[in-house]
Number of protein chains: 2
Amino acid sequence: MPNSPPDNLELLRSEIASRYDELSPRLKQVASFVLDNPNDIALETLAVNANRCDVQPSTIVRFAKVFGYSGASEMQRLFRDEILAAAPSPSYSERIRQFQERSDTVDWLLPYNVMREFAESNIIALEHLRDAVRKDDLDRSLELMHGAHTIYLAGVRRAFPVAAYLAYSLSHVEKRAFLLDGIAGMTAEQSWMLGPDDLVIAVSFKPYASETMAVVERSSANGAPVIAISDSRLSPIAKDANVCFEIKDAEVRQFRSLTASMCLAQTLVISYAYKFGLDRSAEK
Amino acid sequence: MPNSPPDNLELLRSEIASRYDELSPRLKQVASFVLDNPNDIALETLAVNANRCDVQPSTIVRFAKVFGYSGASEMQRLFRDEILAAAPSPSYSERIRQFQERSDTVDWLLPYNVMREFAESNIIALEHLRDAVRKDDLDRSLELMHGAHTIYLAGVRRAFPVAAYLAYSLSHVEKRAFLLDGIAGMTAEQSWMLGPDDLVIAVSFKPYASETMAVVERSSANGAPVIAISDSRLSPIAKDANVCFEIKDAEVRQFRSLTASMCLAQTLVISYAYKFGLDRSAEK
DNA sequence: AAAGAATTGGAAAATATATTCTAAATTGTT
DNA sequence: AACAATTTAGAATATATTTTCCAATTCTTT
């Protein structure tokens, strides 16, 4: 009946709400189910949804047609897109893609624009981090940190600032922490000494550094637990890790940021300080 | 081959990660797509997912079988259930109520809350940065960077990661850059050598480090231009600086973040690369 | 370099799912 | 209470999607 059906979920929801009264009994059943269980509509088949609201599949099709769609599938598309676009986790890549498309038109020769673009994508990365980090991983990390006599930080090149920050701030909350900095090629030697009493936090991103891989492999073989901060579960350092954080940092035209990784690092240190609050002093 | 397939997403993910190496090339493609885009697997048809990772639909079926499922559909069920479980009963009004409740009292003993809180404040800091940085400061910085034969980075303690990042990424856009790292107490000696052809980018925050102050003073006296990244115009390193960025980083209960500073650092490097685009290679 | 093994692409078959259609049931009207 | 109009159930049909299977290709081994 309506000329053009609502083309986003929010519109559809209010349309359903406002026309609720004119609907027939069965269609009302469908209406309230649809409003209350968007995820079921998105993910389950017509048959099971029909069953859930105690209705025939064909009734749901009729419902969709009443609101102007060609069928239930077309309406379902809206619900699926909502999850893909706005859902907690991995709308991420899609958002980034859209964002980058949009930014194709900005003038990259103006530093001011670069700044704005960069701030924007870092914000997106942080939002993603906030929603995607798993409670459980954080808890387990804190336990590992608490149990460790000393924490060793591994990370070179792009990952180095993160490792350096961890070393610095951990020692400021009075946790013994050393940076495996590989000065004079010492890294290999240094990792010999690590054992079950210690903990390695290894940070490594895409073209994974062999130094960091070696540290993880060796210390893990010696029985030292490992927390990995990396960009993929498939990362070589994720393999042997007891906990692996998968961080999707912002990427703007080839350049990858560290914002999300730094934020995670801060979270680990501060949570640790609060939970086992030996510190008091904290960093100034 | 495996007796019983993983029956929850997390298990499946780690199973995929750990067996990644033994997979054939096409199956690897599928594996990383599956890990990176769980929502697509949950919501899109085999055909479109196959297309997205540039593979035949049948390959995805084979992938699912390798991990013990009867077919792709059975595996997809896991991904769908994950979404359904994440939002148990997201009735609209209920969701809003929960959201409003959330921000009232946060329990800081729960790392998860710390993470959320931290991400939020970093986002705010970035928004501030985006709006507060002066066009003119950026332009002048780029000119100084362009004019310099070599850029030297100064920053210790909390500021060290920022300086390290700048050194790393500048050299990746083919700008000569050295970190004045003060190893073996060399900082003083190193800064003797700086002159009008060089540039110092100094990073320093609240309890200002004397090392960094010394570098700025001495090199500036020798005629080297200085860009300061600091938290106040009154900072000792701002005095002698040609350009001073005043960065208000997030502060959560005593702990200061580096997010905004890192973002500014990235902006400088990337703008430089675009404007004077010597790079081409960039960082990978 | 050839033979065998494993992997892959793609079309055909099977299955699952959505849609249509008609007869039955319900509702409202006189 | 009878009739028309509307709504509904459910089987039949159409469509979409997945799965299977085999030929083509690529990789290994000798």
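Note on naming: letters A, B, ... go to the chains in the order of the sequence lines (proteins, then strands), and numbering restarts at 1 for each one.
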Rounded to the nearest Å, what distance is computed from the [atom1] atom of residue [X] to the [atom2] atom of nucleotide [N]?
X: A:Arg77; N: D:dA16; atom1: CZ; atom2: C1'; result: 13 Å
X: A:Arg26; N: D:dT8; atom1: CZ; atom2: P; result: 7 Å
X: B:Met75; N: D:dT19; atom1: CE; atom2: P; result: 10 Å
X: B:Leu43; N: D:dA16; atom1: CG; atom2: P; result: 19 Å
X: B:Glu22; N: C:dA6; atom1: CD; atom2: C1'; result: 15 Å

Legend entry - Phosphate OP1/OP2 of D:dT6 contacted by A:Ser24 side-chain N/O (<4.0 Å):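 A:Ser24 to D:dT6 OP1/OP2: no side-chain N or O under 4.0 Å.
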Legend entry - B:Gln56 side chain near C:dT8 phosphate (N/O to OP1/OP2, under 4.0 Å):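 So the side chain of B:Gln56 is outside the cut-off, no N or O lying under 4.0 Å from OP1 or OP2 of C:dT8.
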Inset, instruction - Check the side chains of A:Ser204 and A:Thr212 for a donor-acceptor pair under 3.5 angstrom, ignoring hydrogens and angles. - result: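 Absent: no donor and acceptor within the cut-off.
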Legend entry - Letter per nucleotide, 5' to 3', of nucleotides 13-20 of chain C [B base touched, S only sugar-phosphate touched, - untouched; heavy atoms, 4.0 Å]: ----SSBB
Legend entry - Contact summary for B:Ile16 and A:Leu234, nearest pair of heavy atoms: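 Minimum heavy-atom contact is O-CD2, 4.4 Å.
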Inset, instruction - Decide salt bridge (charged side-chain N to carboxylate O under 4.0 Å, His left out) for B:Arg13 and A:Glu246; before the verdict, give the C-alpha distance in whole Å, the side-chain angles of both, and the deciding distance to 0.1 Å. - result: CA-CA 12 Å; B:Arg13 294 180 79 111; A:Glu246 190 182 358; 3.5 Å; yes
Inset, instruction - May I ask you to test the A:Leu78-A:Leu12 pair for a side-chain heavy-atom distance under 4.5 Å? - result: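 Side chain of A:Leu78 against side chain of A:Leu12, heavy atoms only: contact under 4.5 Å found.
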Legend entry - Side chain proximity check, A:Val215 to A:Leu180, heavy atoms < 4.5 angstrom: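 The answer is yes; the side chains approach within 4.5 Å.
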Legend entry - All pairs passing salt bridge (Lys or Arg N to Asp or Glu O under 4.0 Å) where residues 236-245 of chain A contributes a residue, at least two apart: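 Checked against salt bridge (Lys or Arg N to Asp or Glu O under 4.0 Å) - neighbours excluded - the pairs reaching residues 236-245 of chain A are A:Lys239-B:Asp21.
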